[in-house]
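Some notes on the structure that comes next.
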Number of protein chains: 2
Amino acid sequence: MSPRGKELNEEMRAEALTKIESAALEVFAHYGYHGATMRHIAQAAGVSQGLVYHYFPSKEDTFRHLVDSAVAESLEAMRLLVSAPGTAWQRIETYAALVIETLFQPETSLRFVIMLQALTQGAGVPGLLDHVAETTEAYYDLFVPLIEEAQRSGEAAPGDPRALAAAFFSFIQGLATLVFQRKGLEKGITPRMLTNILR
Amino acid sequence: MSPRGKELNEEMRAEALTKIESAALEVFAHYGYHGATMRHIAQAAGVSQGLVYHYFPSKEDTFRHLVDSAVAESLEAMRLLVSAPGTAWQRIETYAALVIETLFQPETSLRFVIMLQALTQGAGVPGLLDHVAETTEAYYDLFVPLIEEAQRSGEAAPGDPRALAAAFFSFIQGLATLVFQRKGLEKGITPRMLTNILR
DNA sequence: GTCTATACACTGATAGAC
DNA sequence: GTCTATCAGTGTATAGAC
């Protein structure tokens, strides 16, 4: 209970938690929600199964936690974009460059795959599908006004701005899957391909 | 053993098989490979679990069968495109229009989702990942020469044609996921968005 | 060809020792 | 904070009757 002991405990706690989180990310991404087992996650993290349950109340909560932080992180990037200086189109270009760059970091692509898992097998996890769909709405709320502004200036093509946004996000999701496959084709992917969808 | 009896048997067989196949497609697509259960598939098909095993030796084979026929069907469309008349760019435009049109038929999007499942959770099914990667190569072999021709005529952007093809396919995969979500944004998606990636 | 009943393995989750 | 041992539930696959 001394201050020293407390610090040590928190350090151990943080370390174990980080190990479990990144192991869970890896295992869930490669095997899917139902295909991943808590045993496997514990093993990948180098800890016992009991310890995983010490930090996360259930498998479902573990997955939900990963999905939530993945969504939150992407959303944060989008928020930064919206409040950045420059014209709407310039900000979109900056965002496209940022996405392409971060997507090629292995951990980022895992996060996108986790979100994809939530969408394409969420039917088995009660409430998850609705939760993700709800959070995803926030993306559109932020991005659509930007597209509309770019349409007014003639830099983006006319048409339903929500459909343009949907196409933009769909491409990003598809690219994440590509990176996940590690076929070595990532290098040739340019931000321009992404922005061209809106033209 | 009479001709009449034989015909009847084959009819029953074909009917049951079709029911099981489409039920399996639906269940696998919505729950993922590991999330889907043979009980659920049998129930969705309106038959007993034992009958499913009468037609398919295992869960793994059932899934593999669906993935294979999904890949085969897409590949067939690509083959038709390549041997069609017109310039390379015209054929690419035709293909884009075809993809967008068929993608919005519910069954087609399920097939794409099945392929996606194979890629993003195939780690649990031995050999599946390699099998899909191998088959996917055929797409590139067919599509890349078309892109190269379009590059020579200046209609496609310069750069690694394989990367362009990868971007093209990634976008299609992403769109399939979008359609799968049924958010009603599909209507605004145009073939031009798809071809613009290559420009 | 179709069904019911069941064997056997595995998984998520808990309890209790250290 | 961390581990081992264990239970109850569920899933794949098979056997055998009709």
Side-chain angles (χ1 to χ4, degrees), chain A residues 1-21 23-24 27-28 30-66 117 121 123-128, chain B residues 1-21 23-24 27-28 30-66 117 121 123-128:
Chain A
M1 287 294 175
S2 69
R4 179 81 167 279
K6 207 175 176 180
E7 267 176 35
L8 258 173
N9 274 352
E10 287 193 7
E11 238 176 67
M12 289 173 74
R13 190 180 169 84
E15 200 181 321
L17 201 100
T18 308
K19 267 198 304 186
I20 293 173
E21 273 178 345
V27 175
F28 274 127
H30 284 89
Y31 294 85
Y33 173 73
H34 291 99
T37 72
M38 292 302 261
R39 273 182 177 76
H40 195 159
I41 291 172
Q43 192 181 335
V47 300
S48 72
Q49 191 177 345
L51 194 64
V52 177
Y53 277 95
H54 182 72
Y55 287 100
F56 294 98
S58 69
K59 180 183 181 179
E60 207 173 308
D61 281 285
T62 313
F63 188 66
R64 236 186 270 271
H65 171 74
L66 291 175
Q117 308 270 18
Q121 31 182 320
V125 190
L128 183 64
Chain B
M1 291 292 170
S2 69
R4 179 76 167 281
K6 205 174 179 182
E7 267 176 35
L8 258 174
N9 275 354
E10 287 194 5
E11 238 175 69
M12 290 173 73
R13 187 176 172 85
E15 200 180 322
L17 200 98
T18 308
K19 266 198 303 185
I20 293 173
E21 273 178 346
V27 175
F28 274 126
H30 284 89
Y31 294 84
Y33 174 73
H34 292 100
T37 73
M38 293 301 262
R39 272 186 181 80
H40 195 158
I41 291 173
Q43 192 181 336
V47 300
S48 72
Q49 193 177 343
L51 195 63
V52 178
Y53 277 95
H54 182 71
Y55 288 100
F56 292 99
S58 71
K59 180 183 180 179
E60 209 173 304
D61 281 287
T62 313
F63 188 67
R64 237 187 270 269
H65 171 73
L66 291 175
Q117 309 270 18
Q121 29 183 319
V125 191
L128 183 64

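All chains are named by letter (A, B, ...) in the order of the sequence lines, taking the proteins before the strands, and each is independently numbered beginning at 1.
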> Which of residues 55-63 of chain A have a heavy atom under 4.0 Å from DNA chain D?
Replying inline: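 Listed by number, they are A:Tyr55.
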>> Expected output is a numbered-order residue list: members of residues 30-46 of chain B with a heavy atom under 4.0 Å from any atom of DNA chain D. What is it?
In response: B:Ala36, B:Thr37, B:Met38, B:Arg39
Nearest non-hydrogen partners of [X] and [Y], listed with the distance:
| X | Y | value |
| --- | --- | --- |
| A:Phe28 | A:Ala36 | CD2-CB, 3.6 Å |
| A:Tyr55 | A:Ala16 | OH-CB, 3.6 Å |
| B:Val52 | B:Ile20 | CA-CD1, 4.1 Å |

>> For B:Glu21, I'd like to know if atom CD has over 12 heavy atoms of other residues, nucleotides or ligands within 6.0 Å.
In response: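 For B:Glu21, atom CD is crowded (more than 12 foreign heavy atoms under 6.0 Å).
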>> Applying side-chain contact (heavy atoms from CB on, under 4.5 Å) to B:Gln117 and B:Tyr31, what does each step give before you reach the verdict?
In response: CA-CA 10 Å; B:Gln117 309 270 18; B:Tyr31 294 84; over 6 Å; no
>> Which residue is it: A:His54, A:Gln43, A:Arg39? I am looking for the one with a side chain to side chain contact (heavy atoms under 4.5 Å, CB included) to A:Gln49.
In response: A:Arg39
> Are A:His34 and B:Gln121 linked by a side-chain donor-acceptor pair shorter than 3.5 Å?
Replying inline: no
>> Taking any atom closer than 4.0 angstrom to a non-hydrogen atom of chain A, what span of DNA chain C does the protein reach, first nucleotide to last?
In response: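 Endpoints of the contacted stretch of DNA chain C: C:dT11 to C:dT14.
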>> To the nearest 0.5 Å, what is the distance between CG on A:Leu17 and CZ on A:Phe56?
In response: 5.0 Å
> With side chains defined as the heavy atoms from C-beta onward, is the minimum distance between B:Tyr33 and B:Leu128 less than 4.5 Å?
Replying inline: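 SC-SC contact between B:Tyr33 and B:Leu128 ruled out.
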> Any side-chain heavy atom of B:Val125 within less than 4.5 Å of one from B:Arg64?
Replying inline: yes
